[in-house]
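As structure tokens, the structure follows; a few thoughts come after it.
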Amino acid sequence: MTKIIFLDAAGTLFDVRGSVGEVYGKFARRWGVTVSNEELNAAFFQSFADSNPMAFPGRELAKIPQLEFEWWQAVAAKAFQIAGVFNQFSDFPKFFLELYAYFATAEPWFVYPDVLPALNKWQQQGIELAVVSNFDSRIYAVLKALNLAEYFTSVTISTEVGAAKPQSQIFTAALQKHNCLAENVLHIGDSFKADYCGAKNAGLNAIWLNRQQEKIDSGKLNLTDSQKVEEFPSLDFI
């Protein structure tokens with residue numbers, strides 16, 4: 001019996017309006033740097049994919065926000081380097097400071113239309129809700145700004161745990177906050193590897209929220225069992 005539902009954040013509850021490339025491009029133009037949004041978007045995802053997971057094991061909690069900032073600044077700098085316009089910035093650190101603060105507000109995000117109906121339904125059913133995400137500590141401000149914070153009794157993020165999904169430690173840390181067994185928890189997220197495989201391998205029940213209708217090779221499933229992948233295109237079907 002499911003008593004608690006863990007949910008991923010970005011890509012599951014909310015997402016970027018338009019694209020990351022559009023937001024980065026808009027801010028870059030304010031600094032006199034012109035670049036194609038599409039090219040910048042592709043460069044961002046290449047940079048993001050090449051980066052180490054955003055987790056800082058063994059580091060003091062007080063130092064985490066600065067480490068997060070530096071991690072994201074490196075990702076952004078590499079994206080603009082890939083796009084070939086990094087050297088056009090007169091003061092990249094100052095530019096990035098503005099960009100980073102912007103993503104802590106509601107402005108660049110939208111909440112998926114299936115989210116509030118699902119959260120209200122589960123809350124009425126007496127199911128406890130929690131966020132488990134590889135987001136950084138801006139998640140607290142973003143959830144509040146998007147009027148989502150009140151639904152969740154806990155938030156567990158990779159930077160504070162020192163382990164990022166699909167590592168089992170982040171799920172274990174979330175379970176400990178609720179003093180519950182993994183078998184009584186359902187995790188829902190949009191990443192097949194990080195959310196679905198990560199949760200299953202940590203002993204949780206899991207649903208892959210396949211919003212983009214991605215295809216996977218069933219012969220390459222990184223799971224401890226061979227069960228059929230449980231997936232839905234939206235929260236409406238769960």
Side-chain angles (χ1 to χ4, degrees), residues 8-111 133-146 157-167 170 189-195 211-212 214:
D8 174 51
T12 298
L13 298 173
F14 56 84
D15 216 331
V16 177
R17 294 182 187 275
S19 71
V20 175
E22 287 180 35
V23 178
Y24 275 38
K26 179 180 71 174
F27 272 77
R29 284 186 285 276
R30 294 178 185 174
W31 282 75
V33 178
T34 302
V35 59
S36 158
N37 291 343
E38 292 76 16
E39 184 180 355
L40 189 52
N41 197 59
F44 167 80
F45 281 103
Q46 181 183 335
S47 176
F48 186 86
D50 290 344
S51 301
N52 291 323
M54 190 169 46
F56 313 106
R59 305 303 291 268
E60 295 176 29
L61 202 58
K63 295 181 179 179
I64 296 301
Q66 181 61 30
L67 292 169
E68 294 171 341
F69 179 85
E70 292 169 359
W71 189 95
W72 277 112
Q73 182 170 296
V75 169
K78 185 175 180 181
F80 283 104
Q81 288 166 357
I82 293 170
V85 296
F86 178 79
N87 292 331
Q88 295 181 27
F89 285 96
S90 59
D91 189 341
F92 188 83
K94 189 174 181 181
F95 155 78
F96 183 72
L97 194 63
E98 295 177 1
L99 182 66
Y100 192 76
Y102 180 68
F103 276 98
T105 71
E107 194 63 30
W109 307 104
F110 73 92
V111 177
S133 172
N134 287 350
F135 212 91
D136 55 70
S137 54
R138 290 174 296 175
I139 187 68
Y140 302 105
V142 171
L143 288 173
K144 187 174 181 179
L146 296 176
I157 54 176
S158 60
T159 55
E160 293 177 353
V161 173
K165 294 181 293 183
Q167 292 178 286
I170 188 170
D190 69 299
S191 169
F192 176 72
K193 180 181 178 181
D195 291 302
R211 292 195 183 279
Q212 309 304 320
E214 299 173 46

Closest non-hydrogen atom pair between [X] and [Y], with its separation:
| X | Y | answer |
| --- | --- | --- |
| Ala55 | Ala163 | CB-N, 3.6 Å |
| Glu22 | Arg29 | O-NH2, 4.3 Å |
| Ala83 | Leu40 | CB-CD1, 4.2 Å |
| Pro65 | Ala62 | CD-O, 3.7 Å |
| Thr159 | Glu68 | OG1-OE2, 2.6 Å |
| Ile170 | Val161 | CA-CG1, 4.0 Å |

Look only at the side chain of [X] and the backbone of [Y], and say whether a donor-acceptor pair between them is shorter than 3.5 Å.
| X | Y | result |
| --- | --- | --- |
| Gln88 | Val85 | no |
| Ser47 | Lys78 | no |
| Asn41 | Gly21 | yes |

Can I get a per-line list of side-chain donor-acceptor pairs under 3.5 Å for residues 91-106, giving both atom names and the distance, sequence neighbours left out?
{"from": "Asp91", "atom 1": "OD1", "to": "Lys94", "atom 2": "N", "distance (Å)": "3.2"}
{"from": "Glu98", "atom 1": "OE1", "to": "Trp31", "atom 2": "NE1", "distance (Å)": "3.3"}
{"from": "Tyr102", "atom 1": "OH", "to": "Lys26", "atom 2": "NZ", "distance (Å)": "3.3"}
{"from": "Thr105", "atom 1": "OG1", "to": "Tyr102", "atom 2": "O", "distance (Å)": "2.7"}
{"from": "Thr105", "atom 1": "OG1", "to": "Glu107", "atom 2": "N", "distance (Å)": "3.3"}

Could you grab the distance from atom [atom1] of [X] to atom [atom2] of [Y], nearest 0.5 Å is fine?
| X | Y | atom1 | atom2 | value |
| --- | --- | --- | --- | --- |
| Gln167 | Ser158 | CD | OG | 9.0 Å |
| Leu13 | Phe135 | CG | CZ | 10.5 Å |
| Ser137 | Glu160 | OG | CD | 6.5 Å |
| Tyr24 | Phe27 | OH | CZ | 10.5 Å |
| Glu70 | Phe56 | CD | CZ | 8.5 Å |
| Phe14 | Leu146 | CZ | CG | 6.5 Å |

Practice item. Taking the side chain as every heavy atom from C-beta outward, state whether Ile64 and Arg59 have any atom pair closer than 4.5 Å. Key: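 The answer is yes; the side chains approach within 4.5 Å.
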Check your understanding: Is the CD atom of Glu60 crowded by more than 12 outside heavy atoms at less than 6.0 Å?
Key ->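 At most 12 heavy atoms, drawn from other residues, nucleotides or ligands, come within 6.0 Å of this atom.
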Review point. Met54 and side-chain contact (heavy atoms from CB on, under 4.5 Å): which partner among Asp136, Val75, Asn134, Leu67?
Key: Asp136
**Study point:** Residues in salt bridge (charged side-chain N to carboxylate O under 4.0 Å, His left out) contact with Arg17, at least two apart in sequence or another chain
**Key:**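 So Arg17 forms no salt bridge (charged side-chain N to carboxylate O under 4.0 Å, His left out) with any residue.
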**Study point:** Lys/Arg-Asp/Glu bridge criterion (N-O < 4.0 Å) met for Asp15, Arg211
**Key:** no
